[in-house]
Amino acid sequence: RAKKDGRNAYRFFTSEMQAQSARALMLENALRRALERRQLSLHYQPQFSLDPDGEARIVGAEALLRWQHPELGWVSPAEFIPVAEASGLILPIGEWVLREAVSQLRRWDDAGLPGLSMAVNLSAVQFRHADLPQLVERVLSEIGVPAERLELELTEGAAMDDPAVAITVMNELHARGVLLSIDDFGTGYSSLSYLKKFRVGKLKIDQSFVRDLTDDAEDRAIVDAVIRMAAALGLQTLAEGVETEGQLAFLRRHGCQAVQGYLFSRPLPAEAFAEFVLARTAPISAY
Ligand code: C2E
Ligand code: MG
Ligand code: MG
Ligand code: MG
């Protein structure tokens with residue numbers, strides 16, 4: 001029908017597109033007030049290191065942004081992050097995320113949690129913003145957390161957007177002691193040569209390769225190759241989206257160094273995260 005009646009088809013698609021951009025505009029307006037109205041929060045997903053045969057040990061957290069709007073309910077970051085990026089709102093929001101995540105790490109330290117690392121997602125827009133290395137340094141020193149405890153996650157697209165800028169920014173962050181990781185590794189279109197040129201310290205293997213690991217030989221080959229390549233280049237590896245024991249066993253056997261995923265825990269509010277960590281690390285009381 002669409003082929004026979006081109007004009008209607010055109011109108012159909014434009015009205016769908018109009019509805020989408022109306023929603024984006026509505027979200028943008030709501031997001032503009034979200035920070036001051038305290039609708040944003042962070043959840044934290046535990047990250048575990050894997051020994052070839054030992055236990056998985058909790059070593060860090062990834063901060064994930066959450067937005068709860070009084071009428072819209074929980075809006076997914078997959079929907080509102082692009083709106084925040086397109087409108088420039090990601091700059092104040094991203095700064096809030098960085099401050100909040102680093103402050104939370106400090107509060108956990110003060111509460112006696114073992115020294116974890118904190119991974120914060122960065123948007124390409126933040127990465128390109130001239131002030132980023134200074135902002136990161138300022139936040140860390142104001143809150144009193146060493147740079148070595150902070151990890152910044154970038155996607156391949158963000159890193160490759162403008163390689164010359166990327167090299168400078170990465171060098172500046174690296175010089176300050178911050179670890180850079182490539183998020184969703186393997187899903188972008190970038191050249192692998194950046195791994196050599198850029199100050200990347202860790203690859204986060206995208207969950208799309210992990211999902212079917214136990215039945216898909218191609219995914220197994222890809223994940224195995226990424227782990228080997230990373231090891232040869234001296235990069236750390238973390239697999240995302242680990243949901244089953246089978247996936248975990250494969251990753252451990254093939255030398256993946258760290259994992260996160262629903263098998264261990266969903267992202268948790270700060271207090272629940274602390275309880276989760278303490279329950280797993282509390283020494284058996286001696287009596
Ligand atoms: P990401 O950084 O790759 O984060 C991983 C996503 O996978 C998170 O979704 C997490 O909740 C989800 N996840 C974790 N374990 C599992 C699992 O075992 N199975 C499945 N199916 N999913 C799992 P979330 O929180 O909805 O975030 C989506 C994306 O939004 C993030 O992907 C990141 O790109 C972006 N994002 C989230 N927070 C921020 C932020 O503060 N700043 C920026 N710039 N982007 C953010
Ligand atoms: Mg991430
Ligand atoms: Mg990811
Ligand atoms: Mg992602």
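Note that ligands are numbered from 1 as they come in the structure, with each ligand's atoms numbered from 1 the same way. No experiment lies behind these values; they were computed from the predicted model shown.
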Completion exercise
Test side chain to side chain donor-acceptor pair (under 3.5 Å), reference Gln260, set Glu240, Glu62, Gln207, output is Glu62
Problem - Contacting atoms of ligand 1, where contact means under 4.0 angstrom from a heavy atom of Val242 - result: 18 (O)
Handout entry: Element-labelled atoms of ligand 1 that are located less than 4.0 Å from some non-hydrogen atom of Gly261
Key = 15 (N), 18 (O)
Problem - Arg38 side chain to Ala34 backbone, donor-acceptor under 3.5 Å - result: no
Fill in the blank from the handout: Taking the Mg ion (ligand 3) as the apex, OE2 on Glu240 and OD1 on Asp184 give an angle, to 10°, of 160°
Completion exercise
Checking Val145, Leu105, Val136 against Leu150 for side chain to side chain contact (heavy atoms under 4.5 Å, CB included), the one that qualifies is Val136
Practice task
May I ask whether Lys204 places a heavy atom under 4.0 Å from ligand 1?
Solution key: no
Handout entry: Per-atom contacts, ligand 1 versus Val97 - under 4.0 Å to a heavy atom
Key = 41 (O)
Exercise for the section: May I ask you to decide if the ring planes of Trp108 and Tyr44 are parallel, tilted or perpendicular, using 30° and 60° as cut-offs? Expected result: perpendicular
Exercise for the section: Examine ligand 1 and decide if any of its atoms is less than 4.0 Å from a heavy atom belonging to Glu240. Expected result: yes
Problem - Heavy-atom proximity to atom 4 (O) of ligand 1, best of Ile90, Leu40, Leu64, Ile81 - result: Leu64
Practice task
Mark up the atoms of ligand 1 that fall under 4.0 Å of a heavy atom belonging to Glu243, in ascending order.
Solution key: 17 (C), 18 (O), 19 (N), 20 (C), 21 (N)
Practice task
Looking only at N, O or S atoms, find the one in Glu62 nearest to the Mg ion (ligand 2) and name it.
Solution key: OE2
Exercise for the section: Show which atoms of ligand 1 fall inside a sub-4.0 Å distance from at least one heavy-atom site of Gln45. Expected result: 14 (C), 15 (N)
Practice task
Please verify whether a non-hydrogen atom of Arg211 lies at under 4.0 Å from ligand 1.
Solution key: no
Handout entry: Closest Glu153 atom to the Mg ion (ligand 2) [N, O or S only]
Key = OE1
Problem - Any N/O pair Leu65/ligand 1 closer than 3.5 Å - result: yes
Exercise for the section: Return the orientation label for the Phe250 and His254 ring planes: parallel under 30°, perpendicular over 60°, tilted otherwise. Expected result: parallel
Handout entry: Backbone or side-chain N or O of Arg66 under 3.5 Å from ligand 1 N or O
Key = yes
Problem - From Leu122 atom CG to Asp183 atom CG, the distance as rounded to the nearest 0.5 Å - result: 10.0 Å
Problem - Any side-chain donor near an acceptor of the partner, Arg23 and Gln20, under 3.5 Å - result: no
Exercise for the section: Using atom types as modelled and distance alone, determine if a side-chain donor or acceptor of Glu151 lies under 3.5 Å from a backbone N or O of Val120. Expected result: no
Handout entry: Within-shell test, Pro267 vs ligand 1, heavy atom, strictly < 4.0 Å
Key = yes
Practice task
Starting from the C-alpha separation in whole Å, work towards a yes-or-no answer on side chain to side chain contact (heavy atoms under 4.5 Å, CB included) for Arg280 and Phe48.
Solution key: CA-CA 12 Å; Arg280 281 185 156 249; Phe48 296 79; 3.6 Å; yes
Exercise for the section: Please answer: with hydrophobic residues joined when any side-chain heavy atoms are less than 4.5 Å apart, are Val75 and Leu89 in the same cluster? Expected result: yes
Exercise for the section: Decide whether the shortest distance between a heavy atom of Ser76 and an atom of ligand 1 is less than 4.0 Å. Expected result: no
Problem - Of all N/O/S atoms in Asp183, the name of the one nearest the Mg ion (ligand 2) - result: OD2
